[in-house]
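Throughout, numbering of the chain's residues begins at 1 and tracks the sequence. This structure is a prediction, so every number in the text was calculated from the model and none was measured.
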Amino acid sequence: MAVDYAVIVVYLAGMLAMGWWGMRRAKSKSEFLVAGRRLGPTMYSGTMAAIVLGGASTIGGVGLGYQHGLSGAWMVFAIGLGLLALSVFFSARIARLKVYTVSEMLDLRYGGGKAGIISGVVMWAYTLMLAVTSTIAYATIFDVIFDLNRTLSIILGGAIVVAYSTLGGMWSITLTDMVQFVVKTIGVLILLLPIAVIKAGGFSEMKATLPTEYFDPLGIGGETIFTYVLIYTFGMLIGQDIWQRVFTARSDKVARYGGTVAGTYCLVYALAGAVIGTAAKVLYPDLPNADDAFATIVRDELPMGVRGLVLAAALAAVMSTSSGALIACATVANNDIWSRLRGAVTRDSEGDGDRDEVRGNRIFILIMGVAVVCVAIVLNNVVEALTVAYNLLVGGLLVPILGGLLWKRGTVHGALAAVTVGGVAVVGLMSVYGILANEPIYYGLLLSLATYVVVSLATPPTDAEVLAAWRERLAGRGAEPAPESEAATTL
């Protein structure tokens with residue numbers, strides 16, 4: 001195991017070094033929060049794939065393959081479909097807005113009001129729980145690597161992510177995510193996938209050993225597939241963690257084509273995870289927990305050195321999602337909640353706007369990072385926490401966001417009512433049907449849609465000047481200047 005330890009330690013040290021390097025480059029709010037909006041197609045594609053393919057997609061995807069066979073790919077497949085839809089239909093106009101948060105987009109579209117801060121609170125809760133659930137995954141990985149207990153594992157992994165994210169912001173996260181993308185590709189697709197299939201005796205032996213349902217692409221069930229699409233595909237369209245990566249694109253073309261490449265990569269990754277899980281079912285048919293399949297096959301079947309690289313790939317998956325959710329959580333907390341509340345109190349203090357915004361955002365990342373680690377230590381049920389987060393996100397914000405992008409008759413009153421009714425309905429229905437039930441998101445989303453349409457039609461249309469300013473921003477005019485030419489060549 002000494003070689004494996006060395007690989008992991010070098011990897012973790014590299015993450016910290018990139019955080020230090022990013023700190024030297026992040027000199028402005030734009031550079032710290034959205035990497036100066038300078039990323040070219042290579043960096044953009046790699047980092048976008050890295051953030052959406054986290055621990056749930058890697059460890060959980062293999063676990064679903066262990067339980068259901070090839071149809072276990074549907075959860076990650078739904079994520080890939082969402083990223084493709086975002087990239088093809090929405091990313092160009094999102095990138096041209098030149099904002100920092102989803103709530104800022106809602107303010108632009110609807111003309112301000114309470115919808116922005118309420119949506120900020122909902123988005124903050126979602127990104128916080130996403131960061132927490134990603135951080136908890138360190139317990140599984142470090143238990144395999146170093147035999148550490150749960151609390152120490154969470155503190156160690158969380159501290160490294162908080163450190164490099166706080167130091168360099170999005171620049172550090174972009175650099176580390178690109179490395180993590182490469183490590184995941186090598187560790188999971190190039191090494192673990194073929195080794196797992198060979199160890200299981202090849203596809204012919206897998207088919208002979210397992211029930212035929214394991215090779216049915218719809219074996220996991222139509223209702224489950226529909227729920228995955230509803231939650232994860234639509235969740236990709238509106239999450240702050242995803243939008244903040246779109247904001248890093250150098251141009252709308254980079255956002256569209258780079259995101260399409262990343263979405264296609266997700267589809268391949270989904271199938272790979274399901275195949276690895278299916279192979280693990282052949283090798284270890286009686287594991288007590290399906291999510292143990294990844295760690296078990298890595299520990300028992302891979303040679304020294306390769307094992308360390310694949311475990312580094314698992315760490316990369318967790319860290320990329322964790323860091324992306326952390327900076328999104330801190331950005332929303334600072335820009336959408338704290339700044340608005342402070343502005344309501346000190347709106348006459350013009351000088352406050354000239355303070356060191358990088359320092360302020362850095363402090364918020366540190367505070368949110370500590371909060372994430374603390375919550376992760378005390379939280380037990382990861383699946384329920386993540387389900388609550390996605391139900392709130394989709395049930396409360398999907399309709400106002402997509403309605404604002406697609407329907408000019410939507411109003412601020414309709415958006416505010418939809419966020420409130422959808423969010424309250426989802427929470428209430430989860431208390432009735434259970435957190436993991438499908439009904440809360442089904443009914444909550446329908447109520448949000450009906451409320452948005454009815455209230456928007458019953459209230460005066462959005463002011464013509466607001467809509468004119470919105471169209472100007474969608475066209476890429478009236479926002480901050482483009483990146484400097486020498487920085488615009490970032491890969």
Before you tell me yes or no, could you show the steps for Leu175 and Trp21 under side chain to side chain contact (heavy atoms under 4.5 Å, CB included), namely the whole-Å CA-CA distance, both residues' side-chain angles and the distance that decides it to 0.1 Å?
CA-CA 9 Å; Leu175 293 170; Trp21 187 90; 3.0 Å; yes
Measure from the side-chain N and O atoms of [X] to the backbone N and O of [Y], and report whether any donor-acceptor pair falls under 3.5 Å.
{"X": "Ser323", "Y": "Met319", "answer": "yes"}
{"X": "Thr133", "Y": "Leu130", "answer": "yes"}
{"X": "Ser57", "Y": "Leu53", "answer": "no"}
{"X": "Arg362", "Y": "Thr166", "answer": "yes"}
{"X": "Thr233", "Y": "Ile79", "answer": "no"}
{"X": "Ser103", "Y": "Gly120", "answer": "yes"}

Go through the structure and list residues passing side chain to side chain donor-acceptor pair (under 3.5 Å) with [X], not counting sequence neighbours.
{"X": "Gln244", "result": "Gln240, Thr331"}
{"X": "Ser45", "result": "none"}
{"X": "Asn391", "result": "none"}
{"X": "Tyr390", "result": "none"}

Please report the C-alpha distance between Leu86 and Ile94 in whole Å, then the side-chain angles of each, then the deciding distance to 0.1 Å, and finally whether the side chain to side chain contact (heavy atoms under 4.5 Å, CB included) criterion is met.
CA-CA 9 Å; Leu86 174 71; Ile94 291 171; 3.7 Å; yes
Residues pairing under side chain to side chain donor-acceptor pair (under 3.5 Å) where one sits in residues 252-265, two or more places apart or in two chains, turn out to be Arg96-Asp252, Thr185-Tyr265
[X] versus [Y], closest heavy-atom pair with distance:
{"X": "Ser320", "Y": "Lys184", "result": "OG-NZ, 3.6 Å"}
{"X": "Ile297", "Y": "Tyr284", "result": "CA-CE1, 4.0 Å"}
{"X": "Leu33", "Y": "Ile327", "result": "O-CD1, 4.4 Å"}
{"X": "Ile220", "Y": "Ser71", "result": "N-OG, 3.0 Å"}
{"X": "Tyr164", "Y": "Met15", "result": "CB-O, 3.6 Å"}
{"X": "Pro440", "Y": "Gly434", "result": "CG-O, 4.0 Å"}

Distance (rounded to the nearest 0.5 Å) between [X] [atom1] and [Y] [atom2]:
{"X": "Arg250", "Y": "Met43", "atom1": "CZ", "atom2": "CE", "result": "11.5 Å"}
{"X": "Leu84", "Y": "Phe77", "atom1": "CG", "atom2": "CZ", "result": "8.5 Å"}
{"X": "Met18", "Y": "Leu167", "atom1": "CE", "atom2": "CG", "result": "13.5 Å"}
{"X": "Leu397", "Y": "Leu237", "atom1": "CG", "atom2": "CG", "result": "12.5 Å"}
{"X": "Tyr11", "Y": "Leu311", "atom1": "OH", "atom2": "CG", "result": "11.5 Å"}
{"X": "Met170", "Y": "Ile365", "atom1": "CE", "atom2": "CD1", "result": "8.5 Å"}

What side-chain donor-acceptor pairs closer than 3.5 Å can you find for residues 212-219, not counting sequence neighbours?
unit_1 : atom_1 : unit_2 : atom_2 : d
Tyr214 : OH     : Tyr66  : O      : 2.8
Tyr214 : OH     : Gln67  : O      : 3.1
Asp216 : OD1    : Leu218 : N      : 3.0

Let me have the donor-acceptor pairs involving side chains of residues 201-210, under 3.5 Å, with sequence neighbours excluded, atom names and distances please.
unit_1 : atom_1 : unit_2 : atom_2 : d
Glu205 : OE2    : Thr209 : OG1    : 3.3
Thr209 : OG1    : Glu205 : O      : 2.8

Run the numbers on Trp243 and Met105 for side chain to side chain contact (heavy atoms under 4.5 Å, CB included), then give the verdict.
CA-CA 11 Å; Trp243 276 43; Met105 167 264 171; 3.9 Å; yes
Kindly indicate whether the side chain of [X], heavy atoms from C-beta on, has any atom under 4.5 Å from the side chain of [Y].
{"X": "Val102", "Y": "Ile238", "value": "no"}
{"X": "Met178", "Y": "Thr42", "value": "yes"}
{"X": "Arg307", "Y": "Val7", "value": "no"}

Quick note, ring pair (Phe, Tyr, Trp, His ring centres under 6.0 Å) partners involving residues 24-46, not counting sequence neighbours, are none
May I have the step-by-step check of side chain to side chain contact (heavy atoms under 4.5 Å, CB included) for Ile186 and Leu191, ending in yes or no?
CA-CA 6 Å; Ile186 295 173; Leu191 295 176; 4.0 Å; yes
Pairs flagged by salt bridge (charged side-chain N to carboxylate O under 4.0 Å, His left out) wherever [range] is involved - sequence neighbours left out:
{"range": "residues 267-283", "result": "none"}
{"range": "residues 157-179", "result": "Asp177-Arg245"}
{"range": "residues 54-67", "result": "none"}

I'd like to check the side-chain contact (heavy atoms from CB on, under 4.5 Å) partners of Ala163; sequence neighbours left out, ordered by chain and number.
Leu16
Does one side chain, of Asn335 or Thr101, offer a donor that lies under 3.5 Å from an acceptor on the other?
no
